[in-house]
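Read through the structure below, which is laid out as structure tokens, and then see the notes.
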Amino acid sequence: MQQPPPGGVAPPPSLTNDPSQTQYYQQQQPLQPWMMTHQQQQASQPVPPPAGWNPPPVPPPYQMHWYSDSAATGSGEIRSLWIGDLQPWMDENYLLSIFAQTGAVVSAKVIRNKQTGLPEGYGFIEFVSRAAAERVLQSYNGLPMPSAEQSFRMNWASLGYGEKRQEEGPEYTIFVGDLAADVSDYMLQETFKAVYPSVKGAKVVTDRTTGWSKGYGFVKFGDESEQIRSMTEMNGMYCSTGAMRIGPAASKKLGTDQQYPKAAYQNTQGNPGEVDPKNHSGSFSFILVYLISWYGQLNYELNYSNADICWWFGSQCF
DNA sequence: CATGAGCGG
């Protein structure tokens, strides 16, 4: 979901200029929010819009005792999240200030180029437990980032540990164009998942420098027949405020084995670019996504209540 | 209109 910053707040200046320095969060409140009920957590859910965003003072690297204990066990439990599409001004303090309210964040680190010291556009956020990280992943992902016209793009940090996520079977991807500017990964995924259960994930391609959508994306299926069907059935269906244009996805890999003709597909009415009124499921997803695009809190509601469908974030392919 | 790149210490 792309939204203008509250009051047009300018990006906050960075307080720390120390490159490649992990910032640790000093515990200021009892850690329990991930145990809260849905309603309780929702009350503190809206990230305080930083009108004149004041970065909290960050102490020198500091580890809480339970963090050391957990690390010593070497349990191998992944409790860090990868976060991408970061703007250069989004430093460790910015990330910590966002997730501090969860009471479960341990540290944040923005990856910078070793030579230039410039941010690489991604980072890592460590939490006290995998459960805490998962809660953050499910409740924040896809929501607008504070003071930024872009959405959170997070995933499990797994590559660094060399731990492969569960090996998923074959994947079948489609290209989706004509996306409205506010369509997020989650929104796109839900639009298709509401119709095709085998949907494994979706990704909206964004401009790295601006964070804005490029107006197209991809949806990944686990079932080939559903992929085939979706290319005709979902063509012209609405996602947010725009009708989608669906086509075959060119292979992302170097092999040009999957070269499909770039022909536009037609929906079941043979009327590309328009909603098929007979497609009930498509209308449902249209309504669903429309509501999501208007209410960030509702987005959170749905996200939370459908925790099972958020497992695809574990896949590193999207 | 268009065919994604984003894993450290």
Side-chain angles (χ1 to χ4, degrees), chain A residues 18-24 61 63 67-68 71 74 76 78-87 90-92 95 106-115 117-126 133 137 141 150-165 171-181 183-185 188-189 200-209 211-220 227 231 235 239 242-265 272-273 312-318:
Chain A
D18 187 4
S20 67
Q21 176 68 46
T22 300
Q23 301 288 343
Y24 289 89
Q63 296 183 357
Y67 167 64
S68 302
I78 300 178
R79 52 187 195 281
S80 292
L81 298 180
W82 178 94
I83 182 169
D85 288 355
L86 295 181
Q87 299 300 125
M90 296 176 176
D91 59 4
E92 286 83 356
L95 296 176
V106 175
S107 66
K109 181 177 186 179
V110 171
I111 303 305
R112 296 177 174 81
N113 185 283
K114 284 186 170 60
Q115 277 74 37
L118 296 176
E120 296 281 5
Y122 69 93
F124 298 90
I125 307 158
E126 184 181 9
L137 183 62
N141 215 354
Q150 61 183 266
S151 309
F152 283 105
R153 191 190 291 272
M154 295 185 291
N155 207 332
W156 287 107
S158 57
L159 295 186
Y161 288 99
E163 299 193 24
K164 286 298 175 190
R165 310 293 307 170
E171 296 164 353
Y172 308 93
T173 307
I174 63 171
F175 172 88
V176 183
D178 282 354
L179 288 178
V183 174
S184 67
D185 292 354
L188 184 61
Q189 177 199 242
K200 281 181 154 49
K203 177 171 184 177
V204 175
V205 178
T206 57
D207 187 315
R208 286 267 313 180
T209 59
W212 281 84
S213 167
K214 285 185 174 178
Y216 65 90
F218 301 88
V219 178
K220 187 174 65 180
Q227 176 221 25
M231 287 199 280
N235 192 50
C239 185
M244 299 178 289
R245 180 79 54 176
I246 299 183
S251 177
K252 183 165 60 171
K253 313 194 170 179
L254 40 100
T256 53
D257 45 2
Q258 269 195 328
Q259 287 300 347
Y260 297 90
K262 281 197 161 187
Y265 280 72
W312 68 273
F313 279 120
S315 166
Q316 59 196 27
C317 296
F318 272 93

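None of these values were measured; they are calculated from a predicted model. Heavy atoms only: backbone and side chains are in, while hydrogens, waters and symmetry mates are out. Order of the sequence lines sets the chain letters (A, B, ...), proteins ahead of strands, with each chain counted from 1.
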Figure out the CH2/C1' separation between A:W82 and B:dG8, and round it to whole Å. 13 Å
For the pair made of CD in A:E171 and C1' in B:dG4, what is the distance, rounded to whole Å? 13 Å
Given B:dG4, B:dG9, B:dC7, the nucleotide with the shortest approach to the side chain of A:K109: B:dG9
Which is true for A:Y122 with a 4.0 Å heavy-atom rule: it touches a base, it touches only sugar-phosphate, or it touches nothing? sugar-phosphate
Between P on B:dC1 and NZ on A:K214, what's the gap in Å once rounded to a whole number? 17 Å
d(CG, A:D207; P, B:dT3) in whole Å: 14 Å
Atom OH of A:Y24 and atom C1' of B:dG8: how far apart are they, to the nearest Å? 11 Å
Would a distance-only check, ignoring hydrogens and angles, find a side-chain to backbone donor-acceptor pair under 3.5 Å from A:Q227 to A:T173? yes
Taking only N and O in the side chain of A:R208, is any of them less than 4.0 Å away from OP1 or OP2 of B:dG6? yes
Between A:I174 and A:R153, name the one whose nearest nucleotide on DNA chain B is closer to the 5' end. A:I174
Would you call A:E92-A:K109 a salt bridge at under 4.0 Å N-O? no
Chi class for B:dG4: syn within 90° of 0, otherwise anti: syn
Starting at CZ of A:F124 and ending at C1' of B:dG6, how long is that distance when rounded to a whole Å? 9 Å
Under 4.0 Å, heavy atoms only, any strand: does A:G84 hit a base, just the sugar-phosphate, or nothing? nothing
In whole Å, what is the span from the CG atom of A:D185 to the P atom of B:dG4? 15 Å
Within the side chain of A:Q23, is there an N or O that forms a donor-acceptor pair under 3.5 Å with the backbone of A:S107? no
Closest approach to the side chain of A:K203, judged atom by atom: which nucleotide of B:dA5, B:dG8, B:dC7 is it? B:dA5
Donor-acceptor contact present, side-chain A:R245 to main-chain A:A243, <3.5 Å: no
Figure out the CG/P separation between A:D85 and B:dC7, and round it to whole Å. 12 Å
Side chain of A:A157 only, heavy atoms from C-beta on: which candidate in B:dG8, B:dG6, B:dG4 is closest? B:dG8
Rounded distance [0.5 Å steps], OH in A:Y24 versus CD in A:E126: 6.5 Å
Counting side-chain heavy atoms from CB outward, which of B:dC7, B:dT3, B:dG4 is closest to A:V205? B:dG4
Candidates B:dT3, B:dG9, B:dG8 - which lies nearest the side chain of A:K114: B:dG9
